[in-house]
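Here the structure is a predicted model, which is why all the values come from computation and not from measurement. In what follows, chains carry the letters A, B, and so on, assigned in the order in which the sequence lines appear, proteins first and then strands, with residues in each chain numbered from 1. Both backbone and side-chain heavy atoms feed into the values below; hydrogens, waters and symmetry mates do not.
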Amino acid sequence: GAVVSQHPSWVICKSGTSVKIECRSLDFQATTMFWYRQFPKQSLMLMATSNEGSKATYEQGVEKDKFLINHASLTLSTLTVTSAHPEDSSFYICSARDLGGKNIQYFGAGTRLSVL
Amino acid sequence: GEDVEQSLFLSVREGDSSVINCTYTDSSSTYLYWYKQEPGAGLQLLTYIFSNMDMKQDQRLTVLLNKKDKHLSLRIADTQTGDSAIYFCAESYNTDKLIFGTGTRLQVFP
């Protein structure tokens, strides 16, 4: 149980294009999902908290127009990196919090974004 | 603000025990967690402990919590090569947010 699927696992795109990353909770419902960014050999940096049916809450320093988050259902959140540039290249990881009560986050496998 | 710190590296021989340490600053933490990350992968929840507990054991894993010293440790018994990975401790308190440590790279050699 508690499986989170993240897709795609790796994407290479040209500078200026937009990339959408999907995060799905497969066997549980999640009103709250989280998007993290991880630089090589570093810890996870929380980018935003995605709430089903409402606007995402962004962390300080994260551009909301650059990183569009949509959480349209209890099992799906998407992160769109708009007009991607090489500095956006990174490992993006999502997590979903089980509605079951405990504050447990289950993580997707991550998406490696390479912007040329 | 909240801060979670870990040592960066740990190297152990296969079959020995590994102890990964973590210190945190927020005394109002409610849950503390250990996650494992293998290369190029997401985070796998290993175990968690509620802040009113001192110890939790799950098969080869033992978590010790010293709330007075704000110190958390993860002991892996009979460490195997498959345990080589980065281990993150994390804390949460009154919000949904997790505050992650810097991660400890565990290397297991034969």
(message) Please give me the minimum heavy-atom distance between B:G101 and A:S43, naming the atom from each residue.
(response) O-OG, 2.6 Å

(request) Of all the heavy-atom pairs spanning A:F91 and B:A41, show the shortest one and how long it is. (result) CE2-O, 3.5 Å

(message) Quick check for you: among A:Q6, A:Q38, A:Q42, which has the greatest number of heavy-atom pairs under 4.5 Å with chain B?
(response) A:Q38

(request) Flag yes if more than 12 heavy atoms outside B:H71 fall under 6.0 Å of its NE2 atom; otherwise flag no. (result) yes

(request) Mark yes when over 12 heavy atoms from residues, nucleotides or ligands other than B:Q59 sit less than 6.0 Å from its CD; otherwise mark no. (result) no

(message) Applying a strict under-4.5 Å side-chain criterion to I, L, V, M, F, W and Y, I'd like to know whether B:L64 and B:L106 cluster together.
(response) no

(request) Under 4.5 Å heavy-atom distance to chain A, tell me which part of B:Q37 shows up: side chain, backbone, both or neither. (result) side chain

(request) Would you mind checking which part of B:F50 comes under 4.5 Å of any heavy atom in chain A, side chain (CB onward), backbone (N, CA, C, O), both or neither? (result) neither

(message) To the closest 0.5 Å, what do you measure between CZ (A:F107) and CG (B:L98)?
(response) 5.5 Å

(request) Quick one: pull up CG in A:L46 and CZ in B:F100 and give me the separation to the nearest 0.5 Å. (result) 9.0 Å

(request) May I ask whether B:V63 and B:L61 are part of the same hydrophobic cluster, defined by side-chain heavy atoms of I, L, V, M, F, W, Y residues being less than 4.5 angstrom apart, directly or through others? (result) yes

(request) Consider only side-chain heavy atoms of I, L, V, M, F, W and Y, link residues closer than 4.5 Å, and tell whether B:V4 and B:F88 are in one cluster. (result) yes

(message) Go through it in stages, so that I can follow the logic: the residues are B:L43 and A:L44, the test is side chain to side chain contact (heavy atoms under 4.5 Å, CB included), and I'd like the CA-CA distance, side-chain angles, deciding distance and then a yes or no.
(response) CA-CA 10 Å; B:L43 272 68; A:L44 280 72; 3.8 Å; yes

(request) Kindly check if the number of other-residue, nucleotide or ligand heavy atoms within 6.0 Å of NZ (A:K64) is above 12? (result) no

